[in-house]
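First listed ligand is number 1; within each ligand, the first listed atom is number 1.
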Amino acid sequence: MDFDQDARRLATDLRDADTAVVLTGAGLSAASGIPTFRGDDGIWGDDFEESDFHVSRFERDPAGFWDDRIALYDRMEPDGGAEPNAAHRALATLTNSGILDAVITQNTDGLHHAAGTDEVIELHGTNARVVCPRCGSTTDGEPIRERARAGELPPRCECGGPYKPDVVLFGELLPRDAHRRAKELTAASDVFLVAGSSLRVDPAASLPARRRGGTLAVINLERTRYADSADYTFRTDVTELLPELADRLSGER
Ligand code: NAD
């Protein structure tokens with residue numbers, strides 16, 4: 001692969017596309033200090049197991065769930081407040097200038113919003129909020145995490161129900177509106193870019209298969225299941241290639 005030539009071609013495809021979207025994953029936030037789940041240095045199977053964060057665990061044992069959830073959160077954001085990195089900023093530039101129609105993200109860290117991206121579809125929800133499954137009310141996540149850290153396990157809503165992080169747990173469906181919009185944009189896309197996702201978690205990982213033609217480009221340090229079918233695979237750091245694409249393209253529309 002000629003990296004520079006492929007990057008130039010992808011920039012041209014993006015410029016010429018009527019509809020272009022990016023699907024992002026945990027790799028996008030790695031340079032912000034948030035560890036990924038899979039891939040080199042991923043934290044699954046280390047201290048954490050997927051089954052600890054299954055919705056059935058939350059329903060069966062909300063206190064134990066919250067104990068593990070706080071440990072996971074503090075491992076993911078040890079200093080509390082991660083900042084967007086060059087890749088988030090590049091995608092904000094590409095989206096807000098109209099080159100990309102939306103950022104579809106699996107991340108729950110809120111960093112695309114923090115980078116100022118106008119159109120963000122949060123497929124897996126957000127850590128910024130918690131929701132009460134009993135009465136449906138939502139509130140800010142951090143004060144509730146503080147209550148859990150102080151020993152209130154599980155933290156409870158005024159109605160008495162245990163709060164749940166407003167993220168998609170294993171075993172839960174994706175938020176309906178976000179999933180529908182992501183599927184519509186994917187089907188309409190002339191360019192579908194994947195950045196920093198292992199593409200191992202369905203249904204998000206199946207989105208590329210819903211395209212009706214057009215260009216598929218994958219940026220990941222490791223090989224993904226779309227390596228053979230993608231038009232471009234860049235085994236590179238998202239914080240290098242995305243700013244390069246944004247520099248090339250910003251101001252062209
Ligand atoms: P993942 O952890 O499964 O995979 C991350 C991928 O990013 C790996 O394939 C890795 O090779 C790649 N990567 C790491 N650093 C990179 C870099 N600098 N440049 C390019 N590629 C890089 O992440 P996923 O595919 O998003 O998995 C989905 C699940 O993980 C989602 O449910 C998501 O909510 C959750 N998750 C979110 C966060 C977050 O919000 N920041 C962090 C960890 C996991």
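Protein heavy atom nearest atom 35 (C) of ligand 1, with residue, atom name and distance: Phe37 CE1, 3.5 Å. Of the protein's heavy atoms, Gln106 OE1, 3.5 Å lies nearest to atom 28 (C) of ligand 1. Of all protein heavy atoms, the one lying nearest to atom 8 (C) of ligand 1 is Glu222 OE2, 3.7 Å. In this structure, the protein non-hydrogen atom closest to atom 23 (O) of ligand 1 is Ala26 CB, 3.3 Å. Nearest non-hydrogen protein atom to atom 40 (O) of ligand 1 is Thr108 N, 2.8 Å. Nearest protein heavy-atom neighbour of atom 20 (C) of ligand 1: Thr236 O, 3.5 Å. When hydrogens are left out, the protein atom nearest atom 31 (C) of ligand 1 is His124 ND1, 3.2 Å; that is the closest non-hydrogen contact.
Contacts between Thr224 and ligand 1 below 4.0 angstrom, taking non-hydrogen atoms only, are absent altogether. Using a 4.0 Å cut-off between heavy atoms, Ala31 makes no contact with ligand 1 at all. Only the side chain of Ser29 comes within 4.0 Å of ligand 1, judged by heavy-atom distances. Counting heavy atoms closer than 4.0 Å to ligand 1, residue Met76 contributes side-chain atoms (C-beta onward) but none from N, CA, C or O.
Note that Arg145 lies in the cation-pi zone of Tyr73, set by a 6.0 Å cut-off to the ring centre and a 45° limit from the axis.
Within the 4.5 Å cutoff, no side-chain heavy atoms of Ser32 are placed close to those of Pro84. With contacts defined as side-chain heavy-atom distances shorter than 4.5 Å, the pair Leu123/Leu207 qualifies. Side-chain contact check for Pro155 versus Trp66: some heavy-atom pair is nearer than 4.5 Å.
Ligand 1 does not have Ala205 within reach: every non-hydrogen atom of the residue lies 4.0 Å or more from it.
Remark: the backbone N or O of Ala205 is paired with a side-chain donor or acceptor of Tyr226 at under 3.5 angstrom. Remark: the backbone N or O of Val21 is not paired with any side-chain donor or acceptor of Asp101 at under 3.5 angstrom. Panel note: side chain Thr105, backbone Asn107; a donor-acceptor pair is recorded below 3.5 Å. Side-chain atoms of Arg156 never come within 3.5 Å of backbone atoms of Gly161 as a donor-acceptor pair (strictly under, hydrogens ignored).
Across Leu23, Leu28, Asp109, heavy-atom proximity to atom 41 (N) of ligand 1 is greatest for Asp109. For atom 10 (C) of ligand 1, the candidate residues are Asn220, Val238, Asn85, Thr36; the nearest heavy-atom contact is made by Asn220. Distances from atom 13 (N) of ligand 1 to the heavy atoms of Gly25, Gly110, Gly27, Ala204 show the closest one on Gly27. Among Ile34, Leu241, Leu221, Asn107, the residue whose heavy atom lies closest to atom 17 (C) of ligand 1 is Leu221.
For ligand 1, the atoms closer than 4.0 angstrom to any heavy atom of Val201 are 27 (O), 28 (C). Distances below 4.0 Å separate heavy atoms of Pro35 from the following atoms of ligand 1: 42 (C), 43 (C). With ligand atoms numbered from 1 in the order given, ligand 1 contributes 5 (C), 6 (C), 7 (O), 21 (N) to contacts under 4.0 Å with heavy atoms of Gly196. Ligand 1 places these atoms under 4.0 Å from at least one heavy atom of Asp237: 17 (C), 18 (N), 19 (N).
In terms of polar-atom proximity, defined here as any N/O pair under 3.5 Å, Ile219 makes no such contact with ligand 1. Checking only distances, Ala30 never comes within under 3.5 Å of ligand 1, N or O to N or O. On a distance-only criterion, Arg38 and ligand 1 share at least one N/O pair closer than 3.5 Å.
Taking a cutoff of 4.0 Å between a charged side-chain nitrogen and a carboxylate oxygen, Arg149 and Glu142 qualify as a salt bridge. Note on Arg9 versus Asp16: no salt bridge recorded, every NZ/NE/NH1/NH2 to OD/OE distance being 4.0 Å or above. Electrostatic pairing of Glu50 and Arg38 counts as a salt bridge here, judged by a charged N lying under 4.0 Å from a carboxylate O. At a threshold of 4.0 Å, the pair Arg57-Asp68 counts as salt-bridged, since one of the basic side-chain nitrogens sits closer than that to a carboxylate oxygen.
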- Message: salt bridge (charged side-chain N to carboxylate O under 4.0 Å, His left out), that's the test. Do Glu222 and Arg200 meet it? Break it down for me.
- Response: CA-CA 12 Å; Glu222 65 178 13; Arg200 278 187 237 154; 2.9 Å; yes
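In this structure, Phe53 and Phe48 have tilted ring planes: the angle between them lies in the 30° to 60° band.
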